[in-house]
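Everything on this sheet refers to the single structure shown next.
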Amino acid sequence: MSFKFNIQETIEKELSYGFYSVYILGGHHIDANPDFYIQIINIETNKEVDLKEKSLKLRDFKFGKKAVKFYSFEIKKHGKFKISVHNYYDIIVKDSMLEVFPFPFLSMSRFLFSKVLGRSREKLTLNDIEIAIV
């Protein structure tokens with residue numbers, strides 16, 4: 001079972017037992033503060049599912065969008081779960097993971113590359129960022 005939702009939403013879904021991955025959709029470059037987290041709670045037992053943050057953030061495509069694998073978790077018993085995202089306000093999602101000349105003395109090169117790369121370095125709005133669970 002795969003599904004997606006906006007980062008600002010809290011949803012309730014039935015999940016079967018098995019292994020799942022959590023992806024952030026919208027780009028291949030993610031900057032999240034240390035306070036950012038996703039919480040999955042079994043509604044019947046009120047127990048929280050243990051999410052494991054991926055140290056190596058794998059890039060992929062999910063639901064036709066660029067995605068970064070952020071967490072993985074295991075559901076041991078079928079049930080209904082509440083899924084919410086916390087401290088997402090300052091998350092930065094960009095189309096490309098390439099940095100373009102971070103040095104100020106290369107401002108002309110930065111200007112030229114920003115014209116060539118265009119939207120690839122623009123930050124997505126919160127309305128454009130989604131979470132996928134697959």
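Quick caveat: nothing in here was measured; it's all calculated off a predicted structure. Throughout, numbering of the chain's residues begins at 1 and tracks the sequence.
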Partners of Lys4 by side-chain contact (heavy atoms from CB on, under 4.5 Å), sequence neighbours excluded?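 Testing Lys4 for side-chain contact (heavy atoms from CB on, under 4.5 Å), a comparison that skips the adjacent residues, returns Leu25, Phe63, Lys65, Glu130, Ala132.
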
Which residues share a side-chain contact (heavy atoms from CB on, under 4.5 Å) with Leu124, sequence neighbours left out: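 side-chain contact (heavy atoms from CB on, under 4.5 Å) list for Leu124, sorted by chain: Val93, Asp128, Ile129.
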
Using atom types as modelled, flag every donor-acceptor pair under 3.5 Å from a side chain in residues 41-50 to any protein atom, sequence neighbours excluded.
unit_1 : atom_1 : unit_2 : atom_2 : d
Asn42  : OD1    : Glu44  : N      : 2.9
Asn42  : OD1    : Thr45  : N      : 3.3
Thr45  : OG1    : Lys47  : N      : 3.4
Glu48  : OE1    : Gln39  : NE2    : 3.3

Arg59 side chain to Val68 main-chain N or O, any donor-acceptor pair under 3.5 Å?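 Pair absent, no side-chain N/O of Arg59 close to backbone of Val68.
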
Please check if the side chain of Asn6 supplies one atom and the backbone of Asn127 the other of a donor-acceptor pair under 3.5 Å.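 Side chain of Asn6 to backbone of Asn127: a pair is present.
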
Side chains of residues 70-83: which donor-acceptor partners sit under 3.5 Å, not counting sequence neighbours?
unit_1 : atom_1 : unit_2 : atom_2 : d
His78  : ND1    : Leu15  : O      : 3.3
His78  : NE2    : Glu14  : OE1    : 3.2

Who pairs with Asn87 by side-chain hydrogen bond (donor to acceptor under 3.5 Å, both in side chains), at least two apart in sequence or on another chain?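 Per chain and number, Asn87 pairs via side-chain hydrogen bond (donor to acceptor under 3.5 Å, both in side chains) with no residue.
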
Using side-chain hydrogen bond (donor to acceptor under 3.5 Å, both in side chains) as the criterion, list what pairs up with Glu53, not counting sequence neighbours.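 Scan of Glu53 (side-chain hydrogen bond (donor to acceptor under 3.5 Å, both in side chains), adjacent residues dropped) gives Lys57.
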
What's the spacing between [X] [atom1] and [Y] [atom2] if we round to 0.5 Å?
X	Y	atom1	atom2	value
Asp35	Ile91	CG	CD1	12.0 Å
Ser21	Lys52	OG	NZ	11.5 Å
Ile131	Tyr23	CD1	OH	12.5 Å
Ile38	Phe36	CD1	CZ	4.5 Å
Ser84	Glu12	OG	CD	10.5 Å
Ile133	Lys13	CD1	NZ	9.5 Å

Go through the structure and list residues passing ring pair (Phe, Tyr, Trp, His ring centres under 6.0 Å) with Tyr37, not counting sequence neighbours.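 Ring pair (Phe, Tyr, Trp, His ring centres under 6.0 Å) list for Tyr37, sorted by chain: His86.
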
Report whether Phe3 and Ile40 are members of the same hydrophobic cluster (ILVMFWY, side-chain heavy atoms less than 4.5 Å apart, transitive linking).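 Yes, one cluster joins them.
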
So do the side chains of Tyr89 and Asn33 get within less than 4.5 Å of each other, counting heavy atoms only?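 Not in contact.
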
Side chain to side chain contact (heavy atoms under 4.5 Å, CB included) between His29 and Asp95: does it pass, once the steps are laid out? CA-CA 6 Å; His29 177 79; Asp95 187 63; over 6 Å; no

List the residues meeting salt bridge (charged side-chain N to carboxylate O under 4.0 Å, His left out) with Lys69, not counting sequence neighbours, and say none if there are none.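 For Lys69, no residue satisfies salt bridge (charged side-chain N to carboxylate O under 4.0 Å, His left out) once neighbours in sequence are set aside.
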
